[in-house]
Amino acid sequence: MEINLRAMRTEDYEPILKLVITTWDYRSWVPKRLVEPMAEFFLSDLLQRSDHIMIAEVDGKIAGICAGDILEYSRMQRFSLRKKTHALGAILAYTEKGSIFEKYIQTMELDQELLLQSGREFDGSLNLLIVVKAYQGLGLGKLLYNNFCEYLKKNGARSFYLYTDDSSDYAFYKYQGMQKLAQKTFYWDDIGEDNTELYFLYGKEI
């Protein structure tokens with residue numbers, strides 16, 4: 001078995017998009033016609049904000065991805081990003097009220113609220129980490145994670161954060177020594193607690 005790490009290429013995009021759809025089971029909660037557009041919005045947004053995107057291969061096949069960046073945004077740029085997300089949510093509340101995409105944008109706002117709630121400043125962010133289910137247990141997640149941490153160190157970064165939720169394997173980040181800094185509950189509907197999700201902010205000094 002040959003394991004290799006390499007930078008992501010444009011031809012990897014479609015396989016990674018399919019991996020995102022499978023990992024978060026988009027077909028179980030997103031209307032059929034919106035599955036690919038919503039997954040693509042999620043993926044392209046994360047990739048656009050990432051300057052270090054690595055693919056893990058096993059015997060030449062894509063087995064995982066890790067994407068992150070060194071934060072070089074000014075305070076005003078971060079403020080503007082929060083305003084942009086809020087404005088998009090307001091537009092959707094008027095044009096697509098109650099839609100699944102409106103709810104998704106609300107989760108993006110919630111993530112930004114978690115960062116504000118922490119009161120912390122970070123040098124970097126880990127935006128995406130996925131290992132294909134068939135290749136889990138081989139240490140690929142840790143390999144990708146450590147590769148990202150080394151990238152941060154080489155570029156003078158000493159801290160980073162990530163967003164995760166209780167539908168993901170957030171225990172992995174605890175095992176890597178990350179600390180939970182903030183938590184919020186998101187209600188996917190307005191009826192009650194039957195369809196809730198916990199969102200977390202984790203951080204680490206490196």
Side-chain angles (χ1 to χ4, degrees), residues 1 3-26 38-58 61-71 104 107-108 110-112 114-115 118 120 122-155 157-184 186 197-206:
M1 181 181 295
I3 296 175
N4 179 50
L5 292 187
R6 61 167 175 82
M8 182 179 175
R9 301 188 289 256
T10 54
E11 57 264 34
D12 299 323
Y13 183 83
E14 290 301 323
I16 295 300
L17 179 63
K18 291 178 181 178
L19 178 57
V20 165
I21 291 172
T22 301
T23 300
W24 280 281
D25 197 14
Y26 271 65
M38 278 191 60
E40 192 152 31
F41 182 92
F42 168 78
L43 178 60
S44 60
D45 177 64
L46 294 183
L47 296 180
Q48 184 183 22
R49 292 189 279 115
S50 300
D51 50 32
H52 185 73
I53 309 171
M54 299 299 292
I55 296 291
E57 290 182 325
V58 174
K61 296 181 179 180
I62 292 176
I65 180 174
C66 182
D69 68 310
I70 294 173
L71 298 174
Y104 171 71
T107 68
M108 293 177 65
L110 184 144
D111 282 342
Q112 293 165 11
L114 287 172
L115 190 57
S118 76
R120 298 276 297 274
F122 297 92
D123 299 327
S125 67
L126 178 55
N127 301 325
L128 182 66
L129 178 57
I130 311 175
V131 175
V132 175
K133 189 172 184 179
Y135 297 111
Q136 291 175 5
L138 299 177
L140 298 180
K142 189 170 184 178
L143 184 65
L144 287 163
Y145 175 89
N146 288 340
N147 175 270
F148 175 66
C149 289
E150 286 302 312
Y151 169 75
L152 292 179
K153 290 177 184 177
K154 287 179 181 178
N155 287 276
R158 292 295 176 262
S159 64
F160 72 99
Y161 73 89
L162 62 86
Y163 301 121
T164 187
D165 56 63
D166 63 355
S167 69
S168 303
D169 184 17
Y170 61 92
F172 170 83
Y173 301 112
K174 290 183 180 179
Y175 296 147
Q176 308 312 314
M178 298 195 71
Q179 180 184 5
K180 184 169 68 175
L181 302 175
Q183 173 180 320
K184 279 183 176 288
F186 183 76
E197 197 168 21
L198 292 176
Y199 282 72
F200 309 115
L201 173 76
Y202 277 79
K204 186 177 183 180
E205 303 288 330
I206 55 176

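Only heavy atoms go into these numbers, but all of them, side chains included; no hydrogens, no water, no symmetry mates.
Applying the salt bridge (charged side-chain N to carboxylate O under 4.0 Å, His left out) rule to Glu11 yields the partners Arg9; only residues at least two apart in sequence or on another chain are considered. Applying the side chain to side chain donor-acceptor pair (under 3.5 Å) criterion to Tyr170, with sequence neighbours excluded, gives no partner residue. For Glu150, the salt bridge (charged side-chain N to carboxylate O under 4.0 Å, His left out) partners two or more places apart in sequence, or in a different chain, are Lys153. In this structure Arg158 satisfies the salt bridge (charged side-chain N to carboxylate O under 4.0 Å, His left out) test with no other residue, sequence neighbours excluded. Under the rule for a ring-ring contact (aromatic ring centres under 6.0 Å, His included), Tyr13 has no partner lying at least two apart in sequence or in another chain. Tyr104 is linked by a ring-ring contact (aromatic ring centres under 6.0 Å, His included) to nothing, counting only residues two or more places apart in sequence or in another chain. With sequence neighbours left out, the salt bridge (charged side-chain N to carboxylate O under 4.0 Å, His left out) criterion links Asp45 to Arg49. The ring-ring contact (aromatic ring centres under 6.0 Å, His included) check on Tyr161 picks up Phe122, Tyr163, with sequence neighbours excluded. With sequence neighbours left out, Tyr26 forms a ring-ring contact (aromatic ring centres under 6.0 Å, His included) with Trp29. The side-chain contact (heavy atoms from CB on, under 4.5 Å) check on Glu197 picks up Asp165, Asp166, Ser167, Trp188, Tyr199, with sequence neighbours excluded. For Asn4, the side chain to side chain donor-acceptor pair (under 3.5 Å) partners at least two apart in sequence or on another chain are Glu57.
Annotation for Leu181 and Arg120: closest pair CD2-NH1, 3.6 Å, computed over non-hydrogen atoms. Between Ile21 and Ala39, the closest heavy-atom pair is CG1-CB, 3.5 Å. Residue Met54 comes nearest to Leu144 through the heavy atom pair O-CD2, 3.9 Å, listed as atom of the first residue, atom of the second, then distance. Smallest separation of non-hydrogen atoms from Ile65 and Ile53: CD1-CG2, 4.0 Å. Between Cys66 and Leu129, the shortest heavy-atom distance links the atoms CB-CD1, 3.8 Å. Taking all atoms of both residues into account, the shortest heavy-atom contact from Leu115 to Ser118 is O-OG, 2.7 Å.
Ring orientation note: the planes of Trp24 and Phe42 are nearly perpendicular, at an angle over 60° on the 30°/60° scale.
Between Leu47 atom CG and Glu40 atom CD the span is 10.0 Å, to the nearest 0.5 Å. Atoms NZ and CG, from Lys184 and Leu201 in turn, are 11.5 Å apart once rounded to the nearest 0.5 Å. Annotation: the span from Leu5 atom CG to Leu143 atom CG amounts to 4.0 Å, rounded to 0.5 Å. In this structure, Phe200 CZ and Gln179 CD are separated by 14.0 Å, a value rounded to the nearest 0.5 Å.
For the pair Leu43 and Leu128, the minimum side-chain heavy-atom distance is below 4.5 Å. Put simply, the side chain of Leu152 does not reach to within 4.5 Å of the side chain of Asp123, judged on heavy atoms. Thr164 is not listed as a side-chain neighbour of Phe172, based on a closest heavy-atom distance of 4.5 Å or more. Considering only heavy atoms from C-beta on, Tyr145 comes within 4.5 Å of Met178 through its side chain. Inter-residue side-chain proximity for Ile62 and Lys18 is flagged as unmet; no heavy-atom pair is nearer than 4.5 Å.
Ser125 and Asp69 are linked by a side-chain donor-acceptor pair at a separation below 3.5 angstrom, with hydrogens and angles left out of the test.
The side-chain hydrogen bond (donor to acceptor under 3.5 Å, both in side chains) contacts involving residues 128-138 comprise nothing, where partners must be two or more places apart or lie in separate chains.
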Could you walk me through whether Val132 and Leu140 satisfy the side chain to side chain contact (heavy atoms under 4.5 Å, CB included) test, starting with their C-alpha distance in whole Å, then the side-chain angles of each, then the deciding distance to 0.1 Å, before giving a yes or no?
CA-CA 9 Å; Val132 175; Leu140 298 180; over 6 Å; no
Evaluate the side chain to side chain contact (heavy atoms under 4.5 Å, CB included) criterion for residues Lys204 and Leu126: first the C-alpha distance (whole Å), next the side-chain angles of each, then the deciding distance (0.1 Å), finally the verdict.
CA-CA 11 Å; Lys204 186 177 183 180; Leu126 178 55; over 6 Å; no
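When ring centroids are compared, Phe160 and Phe148 come within the 6.0 Å threshold.
Using a distance-only test at 3.5 Å, with no hydrogens or angles considered, no donor-acceptor pair links the side chain of Thr23 to the main chain of Val20.
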